[in-house]
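Before any comments, here is the structure.
Each chain gets a letter, A, B and so on, in the order the sequences are listed, and its residues count up from 1. Only this structure's heavy atoms are used, side chains among them; waters, hydrogens and symmetry mates stay out. On a predicted model such as this, the values are computed, not experimentally measured, just so you know.
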Protein chains: 2
Amino acid sequence: MEATISKRDKIAEAALILFAERGYDGTTVPMIADNAEVGAGTIYRYFENKEALVNELFQDGVKRLHQSMMQDYPFEGSIREQFTHLFYGMVRFAQKHLHEQYFIETHSNAYCLDETSRNTFQQLLDFFHAYIDRGKQQGMIRPLPADALIAIVFGAFTRVFTLIRSGKLEETTELLSQLEECCWDAVRVLSN
Amino acid sequence: MEATISKRDKIAEAALILFAERGYDGTTVPMIADNAEVGAGTIYRYFENKEALVNELFQDGVKRLHQSMMQDYPFEGSIREQFTHLFYGMVRFAQKHLHEQYFIETHSNAYCLDETSRNTFQQLLDFFHAYIDRGKQQGMIRPLPADALIAIVFGAFTRVFTLIRSGKLEETTELLSQLEECCWDAVRVLSN
DNA sequence: ATTAACGGAATGAATATTCATTCCCAATCT
DNA sequence: AGATTGGGAATGAATATTCATTCCGTTAAT
């Protein structure tokens with residue numbers, strides 16, 4: 001049983017990295033098998049097919065990201081505090097699962113996702129929507145469509161982390177703190 | 001000759017849309033042929049192969065984007081004015097070629113690009129770098145790595161236009177003007 | 001009538017998936 | 001204990017499918 005779990009995990013991890021680096025279509029099953037050091041057939045013992053594999057990875061990833069952002073969420077805090085919390089939840093997640101955040105981001109609109117995956121992602125978006133609506137009501141967040149604001153922060157965050165992942169940028173406390181400020185200033189109402 | 005040009009253009013346009021929507025690997029040559037209402041073989045009369053096709057589209061697109069941003073560039077203007085100009089250069093381009101901006105963005109790191117394509121893109125980045133360095137010297141732009149700042153603005157812009165393209169967001173003068181402000185506030189030094 | 005453009009079936013390479021077989025280990029028997 | 005066996009896990013060669021590219025008969029242009 002021990003070995004079983006480890007083998008399944010090896011497949012999942014190899015697939016995740018490849019999907020993140022080359023995309024779903026650019027990744028072949030033999031590639032996954034090679035990287036996981038597993039026979040091609042073994043993959044089909046654990047996953048129905050390539051599509052089921054990508055969907056399972058996506059759903060797991062989104063759920064973990066969601067958890068990571070919700071952990072110790074300051075329900076009573078200010079909009080600004082909550083923003084920081086969410087931002088660093090994302091950072092923690094990206095740090096822990098270096099490729100997973102990018103995988104999620106790049107596949108969140110992919111045609112290979114089934115309805116369950118889409119719903120799982122939608123739940124995360126719904127939470128952001130609620131947060132943004134609260135922020136708008138309090139006059140803290142710009143009166144732009146919530147989708148646009150989410151896109152702005154996610155877009156900026158993801159691309160900067162892509163640079164970090166590729167080694168073109170060094171991840172420092174300083175950089176993260178400045179990025180957080182950039183993102184906040186992009187969505188907040190300027191108060192001067 | 002009239003028909004020839006039109007046929008080549010049909011192939012290029014169909015390919016561009018498919019590459020933007022499904023990515024290079026997710027797009028098959030028969031798909032392109034179908035959408036262009038052309039026999040599969042015809043594609044090879046105009047392009048050496050699939051890779052040459054994607055590279056040609058990419059280079060053309062980047063050059064046009066570059067031109068669009070440089071047209072009437074206010075060399076003597078302020079950093080702020082130049083930012084606005086560049087932003088709307090991008091907007092004009094995205095409006096004119098709805099899928100092209102996204103295609104460029106999503107393929108700018110793709111393995112299918114040849115050296116010429118990479119160089120073409122690098123020229124655009126170099127221009128942004130120079131702009132940002134000037135802005136930093138003047139104390140107008142945050143002291144973050146230029147790559148990070150580019151990533152922030154491009155990331156935000158691209159994702160918002162993805163929403164527009166998919167119909168989830170309506171493109172209005174108001175929205176664009178606010179988005180421009182968001183992007184500027186994300187990279188500028190706050191002066192209060 | 002000659003030439004060029006075109007389409008789409010044909011081809012071979014690559015890919016996803018299956019399946020007959022091997023391997024491993026724990027349970028059972030002697 | 002040591003041998004035997006049953007069954008699930010793993011494998012990778014074989015198969016079925018899909019894809020990029022080529023080829024050649026047909027059509028259109030001059």
Side-chain angles (χ1 to χ4, degrees), chain A residues 1-60 103 106-107 110-114 116-117, chain B residues 1-60 103 106-107 110-114 116-117:
Chain A
M1 198 58 187
E2 193 54 49
T4 294
I5 288 170
S6 136
K7 199 148 283 202
R8 187 193 164 93
D9 285 352
K10 275 174 91 176
I11 294 167
E13 197 192 322
L16 185 73
I17 292 172
L18 286 165
F19 286 151
E21 280 174 353
R22 319 183 36 109
Y24 176 74
D25 290 301
T27 301
T28 71
V29 174
M31 261 181 216
I32 298 171
D34 280 357
N35 280 43
E37 291 172 306
V38 144
T42 306
I43 291 173
Y44 290 86
R45 294 195 61 74
Y46 295 101
F47 304 94
E48 198 189 328
N49 53 34
K50 190 184 170 188
E51 207 170 304
L53 169 57
V54 77
N55 275 284
E56 188 165 329
L57 289 178
F58 184 83
Q59 286 162 39
D60 274 14
F103 163 71
T106 49
H107 288 75
Y111 67 93
C112 57
L113 293 189
D114 61 25
T116 308
S117 292
Chain B
M1 197 57 188
E2 193 55 47
T4 294
I5 288 171
S6 137
K7 198 149 288 204
R8 185 192 165 93
D9 286 352
K10 276 174 90 176
I11 293 167
E13 198 192 322
L16 186 73
I17 292 172
L18 285 165
F19 286 152
E21 281 175 352
R22 315 183 39 108
Y24 176 74
D25 290 305
T27 301
T28 71
V29 174
M31 263 182 213
I32 297 170
D34 279 357
N35 280 43
E37 292 171 306
V38 144
T42 305
I43 291 173
Y44 290 85
R45 297 196 63 74
Y46 295 101
F47 303 94
E48 197 189 327
N49 53 34
K50 191 184 170 188
E51 206 170 305
L53 168 57
V54 77
N55 275 285
E56 188 166 328
L57 290 178
F58 185 83
Q59 284 162 41
D60 274 14
F103 162 70
T106 49
H107 288 75
Y111 68 93
C112 57
L113 293 189
D114 61 24
T116 308
S117 292

Rounding to a whole Å, what distance do you find between [X]:[atom1] and [N]:[atom2]?
X: A/N49; N: C/dC19; atom1: CG; atom2: P; answer: 14 Å
X: B/L53; N: D/dT21; atom1: CG; atom2: P; answer: 10 Å
X: B/K7; N: D/dA29; atom1: NZ; atom2: P; answer: 10 Å
X: B/F47; N: D/dA20; atom1: CZ; atom2: P; answer: 15 Å
X: B/R22; N: D/dC19; atom1: CZ; atom2: P; answer: 9 Å
X: A/R8; N: D/dA9; atom1: CZ; atom2: C1'; answer: 14 Å
X: A/L18; N: C/dT15; atom1: CG; atom2: P; answer: 13 Å
X: A/I43; N: C/dT15; atom1: CD1; atom2: C1'; answer: 13 Å

For B/D114 and B/N55, the nearest pair of non-hydrogen atoms, with its separation, is N-OD1, 2.8 Å

B/K7 versus B/Y46, closest heavy-atom pair with distance: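 The answer is CB-OH, 4.1 Å.
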
When B/Y24 and A/E37 are each assigned the nearest nucleotide of DNA chain D, the 5'-most assignment goes to A/E37

Margin query: For D/dA10 and A/Y46 - does any side-chain N or O of the residue sit under 4.0 Å from the phosphate oxygens OP1/OP2?
Written below: yes

Is the distance from OP1 or OP2 of D/dT18 to the nearest side-chain N or O of A/K50 less than 4.0 Å?
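No, because none of the side-chain N or O atoms of A/K50 sits under 4.0 Å from OP1 or OP2 of D/dT18.
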
Among [options], which nucleotide has an atom closest to any side-chain atom of [X]?
X: A/Y44; options: C/dA16, D/dT21, D/dT11; answer: C/dA16
X: B/P30; options: C/dA16, D/dA20, D/dT21; answer: D/dA20
X: B/V38; options: C/dA16, D/dA20, C/dG7; answer: C/dG7
X: A/R45; options: D/dA10, D/dA20, D/dT21; answer: D/dA10

Applying a 4.0 Å non-hydrogen cut-off, can you work out what A/T42 is touching in the nucleic acid: base, sugar-phosphate, or nothing?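 Base contact.
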
Walking DNA chain C from its 5' end, the first of A/M31 and B/G41 to be reached, judged by nearest nucleotide, is B/G41

| request: Over 60° means perpendicular and under 30° means parallel, so classify the ring planes of A/F19 and A/H107, tilted if in between. | output: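 Aromatic pair A/H107/A/F19 classed tilted.
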
- Main-chain N/O of B/G23 paired with B/T27 side-chain donor or acceptor, under 3.5 Å: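 Yes, because the side chain of B/T27 sits within donor-acceptor range (under 3.5 Å) of the backbone of B/G23.
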
Are any side-chain N or O atoms of A/K50 and backbone N or O atoms of A/Y24, one a donor and one an acceptor, separated by less than 3.5 Å?
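Present.
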
